[in-house]
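Every value quoted in this text rests on a predicted model; they were computed, and no experiment measured them. Residue numbers start from 1 in every chain, and the chains themselves are labelled A, B, ... in the order their sequence lines are given, proteins ahead of strands.
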Number of protein chains: 4
Amino acid sequence: MADTAGPTEQPAARRRGRPHRREASEQKRRAIFDAAVKVVGRRGYAEASVARITTQAKVAQGTFYLYYKSRQDLLDQLLPALGEEMLAFIRERVSGVDGLVEREEQRLRAFFAYIDQRPELYRILHEAETFAPEGHKRHYKTIADDYIRALARDFRRAGMAARSEAELEATAYILMAARDYLSMRYAHWAGQGEQLPEAVVQTYIHIVRGGLFGTAG
Amino acid sequence: MADTAGPTEQPAARRRGRPHRREASEQKRRAIFDAAVKVVGRRGYAEASVARITTQAKVAQGTFYLYYKSRQDLLDQLLPALGEEMLAFIRERVSGVDGLVEREEQRLRAFFAYIDQRPELYRILHEAETFAPEGHKRHYKTIADDYIRALARDFRRAGMAARSEAELEATAYILMAARDYLSMRYAHWAGQGEQLPEAVVQTYIHIVRGGLFGTAG
Amino acid sequence: MADTAGPTEQPAARRRGRPHRREASEQKRRAIFDAAVKVVGRRGYAEASVARITTQAKVAQGTFYLYYKSRQDLLDQLLPALGEEMLAFIRERVSGVDGLVEREEQRLRAFFAYIDQRPELYRILHEAETFAPEGHKRHYKTIADDYIRALARDFRRAGMAARSEAELEATAYILMAARDYLSMRYAHWAGQGEQLPEAVVQTYIHIVRGGLFGTAG
Amino acid sequence: MADTAGPTEQPAARRRGRPHRREASEQKRRAIFDAAVKVVGRRGYAEASVARITTQAKVAQGTFYLYYKSRQDLLDQLLPALGEEMLAFIRERVSGVDGLVEREEQRLRAFFAYIDQRPELYRILHEAETFAPEGHKRHYKTIADDYIRALARDFRRAGMAARSEAELEATAYILMAARDYLSMRYAHWAGQGEQLPEAVVQTYIHIVRGGLFGTAG
DNA sequence: AATGAATGAGGATTCATTCAT
DNA sequence: TATGAATGAATCCTCATTCAT
């Protein structure tokens, strides 16, 4: 999924034969980007030196600067790109699911599924606050805005009392927080490939249902 | 408060006159530690070089290694120490409060109050995951354990059905998550001295009450 | 003046329409050369990278090496070309002036006039000693030779005792020196557009005519 | 001479045995400085990399930054130090010489003598305009001021008409120029150890005394 | 115990030049 | 002829750590 939607994607045309100049260039940019994702995912931003990234990408150090203005420039693009990929992934998995709580449950499961296949995201997401603060803030504001709109619509559809913008925002941050910390505890610490315990999902749903929509079951 | 409880504390005895050898040594260790808190709080772990810390502490660079095995060694002690301080602060504020929800509300308020007076904590807390991962994990496990015990007791006292260990743990992480993200949004981003909006507290309570203990209202 | 005499000059023929192969090529060479003059004049030799020169000239980096063997190759041509332009400019202004001292005065004024309209020359002239030493030496030897011939002729015409070659040469260097340092002090340091103070010209003439302690004048 | 007066000087005390910390430190600073003089003198500022300077000084690269804030910082100190050394040298040689013209002659000879024993000065003096422009300007302003005072006094003593400040300044720059260009032609180009031709000195004196076309002499 | 000088590896970035297109 | 992507060496500077004093 990510491989066809993300920045790793191969251009549909010319997948065989010598690529044109333009395409070859784009491939190299992507090679560097992907190398950075790998390096940051494995070692963290702090150890993602240009030397390491270019070695991983199998290009010369100087080549890096043909595609990115500076190390920071590339680092700043990591979260936006992966974040967008993740959002698209979740959106797709949630679309078509009916019911407020069910949708929220699906969001959590999709988040874990995404992290499972793109384990690099965890580090990028968490370290971005330190190493790419602007992008980090923007990322969360974007997701929060999405969430606020979705929640408002969900409440309306369910015929429930409207919440103020402030309440919706706080709710959005709490939900983002919950899935983030749960991913820390049950994905990151647990190690890759580890299953998300069903009891955790149930607890999450329980709180969402009881807290958000009143009648806990 | 923190100043009397934290590692900055002066020993009651011998506050005047030439301190004993042992005390003088302890003072120096603390001077370095406090300097590190200041530097990391202001500039982040990444820029907390030994040179900067020792300059701030007004000791020679070499002195650092008489008290800490390495830079990492000191960095690893930052979160445990501040975390303990914070926990003690919150515990004190919550003790004596009656009612489940009221205690939880008080926990949130105390957390914000602590961050407001010790703004360094935010950075240390967040960056520790990157720069002192062991300490970070231990920190959260400790708090989670505290939380699990407190929740179990609270549920028992309220005569509610017992939750499994797994459920309690997930709940604990969600609550820690919530206050963390709320502090990011409403303290860190808002700027120091900014008030925590009342609507945010109400939203938090609402979720806690409705979700955690069943009868939202 | 310089624009019609210098290397920037457009060929009289074919100023319109598609230029011949040969001319187009020559134009490109000149574009690169002029770009180099601009870049070196503004930023100095040290910052005159091939990238900057070609950007300024609006050609690709690789194109540079079709016209110049190396960066140094072009740099070496800067002073000879500008120097020739300058000499022609001064020669024209001095021609027709009668009188030894008057001619020398005119030379100084012409030098300042030239620098005023081609401010790049100052930098190129001064930095060439470091960055294009061969060209620099040749430049001064050429001017000195010119000077020696002119002085010999002037002395002869004035019916004065002949000077030895060695004396004439030393004299030439002193005169070149004087106008160079005066341009440093009263043009370069003073800023562009600044007038050459009349007292300076008078001092120069005074010395030329009667020496430091002479009473000529 | 320079070796006992310049920054290369050994402290009088403790020339034997293990030096004190303070002295050892000062020695190292000097070693780096002297290495820089050598490197810049031989290869020019542009090639005076920190690596080359520290290699020459036989210290590690990092050591450089214990003594100088940056490469530029050291480079900026080169001319002031050598310039001061040179001035002292000339002053000493001229002191005690009677007669206006005789003093001026002595100044020229001393300049050549200094350059002969400190050939590095030539490059440092000339390239400083490009690589340490502030120091270069200051250097010439200082010398010019010295010169202006000396000339005013000389004129006064000789009972000659006073010159305006502007005239004195222009004169000073012309004299500095003359000796500079003569050193270029008859020391730098000629190669080290080459004798200053007597005819050149005579020409200089001739011009000083009676101007170009005067009959003084 | 305390100092601070010394080290050298490792960091990001720029550059002249080459060469396949 | 013209392009511009690619290279990798060289640049300055910072740093954690060691160790003689």
Side-chain angles (χ1 to χ4, degrees), chain A residues 18-22 24-25 27-29 46-54 58-75, chain B residues 21-22 24-25 28-29 46-55 59-75, chain C residues 21-22 24-25 28 46-55 59-75, chain D residues 18-22 24-29 46-54 58-75:
Chain A
R18 233 175 339 80
H20 277 180
R21 274 253 270 245
R22 184 65 182 284
S25 172
Q27 268 173 23
K28 205 146 271 185
R29 171 189 293 277
E47 294 187 38
S49 65
V50 173
R52 259 199 272 267
I53 292 170
T54 50
K58 292 195 210 305
V59 298
Q61 280 207 56
T63 305
F64 183 95
Y65 292 91
L66 295 177
Y67 295 96
Y68 299 95
K69 234 176 62 244
S70 67
R71 175 181 175 264
Q72 191 60 45
D73 176 33
L74 168 54
L75 261 31
Chain B
R21 199 75 86 102
R22 184 63 182 283
S25 170
K28 206 149 269 186
R29 170 189 295 274
E47 294 186 37
S49 64
V50 173
R52 260 199 272 268
I53 293 170
T54 51
T55 298
V59 300
Q61 257 196 98
T63 306
F64 183 96
Y65 291 90
L66 296 176
Y67 295 96
Y68 298 94
K69 228 176 68 244
S70 68
R71 174 178 177 266
Q72 192 60 48
D73 177 32
L74 167 55
L75 261 32
Chain C
R21 199 74 87 105
R22 184 63 182 284
S25 169
K28 206 149 270 187
E47 294 187 36
S49 64
V50 173
R52 259 199 272 268
I53 293 170
T54 50
T55 298
V59 298
Q61 256 194 98
T63 306
F64 183 95
Y65 290 89
L66 296 176
Y67 295 96
Y68 298 94
K69 227 175 69 242
S70 67
R71 173 179 177 265
Q72 192 59 47
D73 177 31
L74 167 55
L75 261 31
Chain D
R18 237 177 335 80
H20 276 179
R21 274 253 270 244
R22 184 65 181 283
S25 172
E26 198 42 46
Q27 269 175 21
K28 204 145 274 189
R29 170 188 295 276
E47 294 188 37
S49 64
V50 173
R52 258 197 275 266
I53 292 170
T54 51
K58 293 196 212 303
V59 298
Q61 281 206 52
T63 304
F64 183 94
Y65 294 90
L66 294 177
Y67 296 96
Y68 299 94
K69 235 176 61 245
S70 66
R71 175 182 176 263
Q72 191 59 47
D73 177 32
L74 167 54
L75 262 29

Quick one: [X] [atom1] to [N] [atom2], roughly how many Å, whole number?
X	N	atom1	atom2	value
D:Ile53	F:dT11	CD1	P	11 Å
A:Arg29	F:dA6	CZ	P	11 Å
D:Lys69	F:dC13	NZ	C1'	13 Å
D:Glu47	E:dC15	CD	C1'	15 Å
C:Leu74	E:dT17	CG	P	11 Å
A:Gln72	E:dG11	CD	P	16 Å
A:Lys28	E:dT21	NZ	P	11 Å
A:Phe64	E:dC15	CZ	C1'	17 Å

Minimal heavy-atom distance between B:Arg52 and B:Glu47, with the atoms involved, is NE-O, 2.9 Å

Would you say A:Tyr68's side chain and A:Arg29's backbone share a donor-acceptor pair under 3.5 angstrom?
-> yes

Are side-chain heavy atoms of B:Tyr65 and B:Val50 found at a separation under 4.5 Å?
-> yes

Nearest of [options] to any side-chain atom of [X]?
X	options	result
B:Ser70	E:dT17, F:dC12, F:dT17	F:dT17
C:Val59	F:dT11, F:dT3, E:dA12	F:dT3
A:Gln61	E:dT17, E:dT13, E:dT3	E:dT13
C:Tyr65	F:dA6, E:dT18, F:dA2	E:dT18
A:Tyr67	F:dA16, F:dA6, F:dC12	F:dA6
A:Arg52	F:dA2, E:dG11, E:dT17	E:dG11
C:Thr63	F:dG8, E:dT3, F:dA2	F:dA2
C:Ala60	E:dG11, E:dA6, F:dT3	F:dT3
D:Leu66	F:dT18, E:dA6, E:dA12	E:dA6

Applying the 3.5 Å cut-off to both distances, the Watson-Crick or G-U partner of E:dT14 turns out to be F:dA9

Which base, if any, makes a Watson-Crick or G-U wobble pair with E:dA9, both distances under 3.5 Å?
-> F:dT14

Pick one: which of B:Asp73, B:Leu74, B:Leu75 meets side chain to side chain contact (heavy atoms under 4.5 Å, CB included) with B:Arg71?
-> B:Leu75

OG1/B:Thr63 to CD/B:Gln61 distance, rounded to the nearest 0.5 angstrom?
-> 9.5 Å

With nearest nucleotides of DNA chain F determined for B:Ala51 and D:Ser49 from heavy-atom distances, which residue corresponds to the more 5′ nucleotide?
-> D:Ser49

